[in-house]
Amino acid sequence: MRVGWSATLICDPATRDAPDGIGVYTRELVAAYKRCDDVVPVPVVMGSYAARRAPPGAIVLPHAAEMSAAMSVATGLDVRGALRLSKNIDVYHATDYRIPRLRRTPVCATLFDAIPLSHPEWANPRMRGLKNVALRRSAQWADRVIAISQAMVPELVEHYGIEPSRITVTPLGVDAHWFEREPAATIDAMRARFGLAPDYLLFVGTLQPRKNVARILEAFARMPAHLVAGRQLVIAGKAGWRTDDLVATLRGSANAGRVRWLDYVDAGDMRALYQGAAAFIFPSLYEGFGLPVLEAFASGVPVVTSTTTSLPEVAGDAALLVDPTDIDALAAAMTSVIADSALSSRLREAGLARARQFTWARCARETVAVLRSLL
């Protein structure tokens, strides 16, 4: 089975070297496809800009995704290059919201969440209204839709107008390298390079309003002084949109030495960064899946996360779950995971066991079954 897949995100210099959750999903899923004997993944790139960095054997569609979607919405016609695509692939998997109109070729689209439609105030504001129109319309071009958690199914039904019968849930995975232990010397070197104290509390993720980082800062300030003396809160993630006030707060807090904002952290340092933490704090307001929770589990770090959207589904009973809007409850959970060594040990063991249930091989196997059902 020849599977066309959205390679644009992997080729774009703006996202290629610092992939978000969608980029990780695309990269890991395609790597898993390549290990399947009966699957031939064929990269498809949209637009001349990304095409300059297209992988070998890629099929290039001439227009960028936004223009392509707008033209198809306006004219009802397929994307330019659809005929050529139909001769080279059996099914198309849109892994990154770039869903082309292809009436000659079955299309499956992974829709990670409904944030641009359900919470436009959290999304990139640039041309948001027009983007949302194109997003709703292009979602209807998919013959089958993949959700990455059960929690997202009603969101996709409500905001994209997708019939539940067209949706299949395939959970994400966590790569085996996250389970590998870093030598103590490597963790010490990483801490020295970033100026980190031992046993810090860690958050990882792009700074966005829904990530709830401002409340993490407030909760950290409310923890007992004797527990946080000499301890740091470490924020690892590049600044996203609508975060000017948060960035100013982080820079101000950094001057006091208790909060360290590392901005973007290279992938080569991430495993040591996780493993050096005393706890991982991820009280997000909304997640389609919450991959950093699995990465922390696999790294052997106790986790505090939210009772919202997909996070209880992913975490199971392996994390402390809190109302992410309740700062006192968040501070209490952060305190408990630091002060109670028995609780911390239990969460570490439970997290490792939980993470082992989610693999990219399983994700690929279930995804291939969905794609095959379209043939």
Side-chain angles (χ1 to χ4, degrees), residues 178 182 187-188 190-207 211-237 246-247 249-265 269-285 287 290-307 311 315 318-348 350-352:
W178 289 105
E182 291 283 3
I187 296 174
D188 289 343
M190 177 276 302
R191 284 180 31 236
R193 191 164 63 256
F194 288 129
L196 305 184
D199 296 329
Y200 48 84
L201 303 177
L202 176 66
F203 165 87
V204 173
T206 300
L207 304 187
K211 296 298 184 178
N212 208 27
V213 174
R215 287 192 178 96
I216 302 177
L217 299 177
E218 292 186 55
F220 184 64
R222 296 185 190 184
M223 292 177 66
H226 72 279
L227 280 181
V228 296
R231 195 185 297 273
Q232 292 171 322
L233 172 64
V234 176
I235 308 296
L246 175 60
V247 167
T249 299
L250 287 171
R251 287 175 174 158
S253 300
N255 293 333
R258 295 185 63 214
V259 176
R260 291 281 292 134
W261 176 37
L262 304 184
D263 206 318
Y264 171 71
V265 176
D269 287 316
M270 284 304 302
R271 192 167 64 190
L273 185 66
Y274 271 114
Q275 292 180 23
F280 182 66
I281 315 300
F282 197 73
S284 180
L285 300 173
E287 292 292 326
L291 192 55
V293 169
L294 282 190
E295 293 171 351
F297 281 165
S299 299
V301 182
V303 172
V304 175
T305 191
S306 299
T307 54
L311 290 166
L320 291 185
L321 301 178
V322 298
D323 176 349
T325 65
D326 188 334
I327 297 171
D328 286 333
L330 179 57
M334 292 163 64
T335 298
S336 294
V337 81
I338 294 300
D340 188 337
S341 59
L343 172 64
S344 178
S345 294
R346 181 184 70 78
L347 292 176
R348 289 177 192 274
L352 283 166

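- Formation of a donor-acceptor pair under 3.5 Å by the E182 side chain with backbone atoms of I187 is not found in this model.
- Between L347 and P302, the closest heavy-atom pair is CB-CB, 3.8 Å.
- Here the straight-line distance linking atom CG of D328 with atom CZ of R222 works out to 4.5 Å at 0.5 Å rounding.
- Once rounded to the nearest 0.5 Å, the distance linking CG of L330 with OG1 of T325 reads 10.0 Å.
- Checked by atom type and distance alone, the side chain of S306 never pairs as donor or acceptor with a backbone atom of L285 at under 3.5 Å.
- A donor-acceptor pair is defined here as one N or O able to donate and one able to accept, closer than 3.5 Å; such a pair exists between the side chain of R348 and the backbone of G300.
- Using a 4.5 Å heavy-atom threshold, the side chains of V204 and V265 count as separate.
- The shortest distance between side-chain heavy atoms of L250 and L217 falls below 4.5 Å.
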For the pair I216 and L201, evaluate side chain to side chain contact (heavy atoms under 4.5 Å, CB included) and give the outcome as yes or no after the intermediate values.
CA-CA 10 Å; I216 302 177; L201 303 177; over 6 Å; no
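- Side-chain N or O atoms of W261 include one that pairs as donor or acceptor with a backbone N or O of G237 at under 3.5 Å.
- In this structure a side-chain-to-backbone donor-acceptor pair under 3.5 Å is missing from R260 to Q232.
- Side-chain N or O atoms of Y274 include none that pairs as donor or acceptor with a backbone N or O of L202 at under 3.5 Å.
- To the nearest 0.5 Å, the span separating CZ on R231 from CG on L196 amounts to 13.0 Å.
- Remark: side-chain polar atoms of S299 are paired, donor with acceptor, to backbone N or O of E295 under 3.5 angstrom.
- The minimum heavy-atom distance between P324 and P283, with the atom names listed, is CB-O, 3.2 Å.
- The minimum heavy-atom distance linking A278 with I338 is given by the pair CB-CD1, 3.8 Å.
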Checking side chain to side chain contact (heavy atoms under 4.5 Å, CB included) for the pair T305/L321: CA distance, chi angles, key distance, verdict?
CA-CA 5 Å; T305 191; L321 301 178; 3.3 Å; yes
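- Contact detail for L227 and A339: the closest heavy-atom pair is CD1-CB, 3.9 Å.
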Walk me through it: do L311 and F282 pass the test side chain to side chain contact (heavy atoms under 4.5 Å, CB included)?
CA-CA 9 Å; L311 290 166; F282 197 73; 4.1 Å; yes
What verdict does the side chain to side chain contact (heavy atoms under 4.5 Å, CB included) test give for I281 and F220, after you've listed the backbone C-alpha separation in whole Å, the side-chain angles of each residue and the deciding distance to 0.1 Å?
CA-CA 10 Å; I281 315 300; F220 184 64; over 6 Å; no
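- The two residues M270 and W178 have their closest heavy-atom pair at CB-CH2, 3.8 Å.
- With rounding to the nearest 0.5 angstrom, the CG atom of L233 is 9.0 Å from the CE atom of M223.
- From K211, atom NZ reaches atom CD1 of I235 across 12.5 Å, with rounding to the nearest 0.5 Å.
- When side chains are defined from C-beta on, V337 does not count as touching F280, because their heavy atoms never get closer than 4.5 Å.
- When every heavy atom of A333 is checked against every heavy atom of L320, the shortest pair comes out as O-CD1, 3.7 Å.
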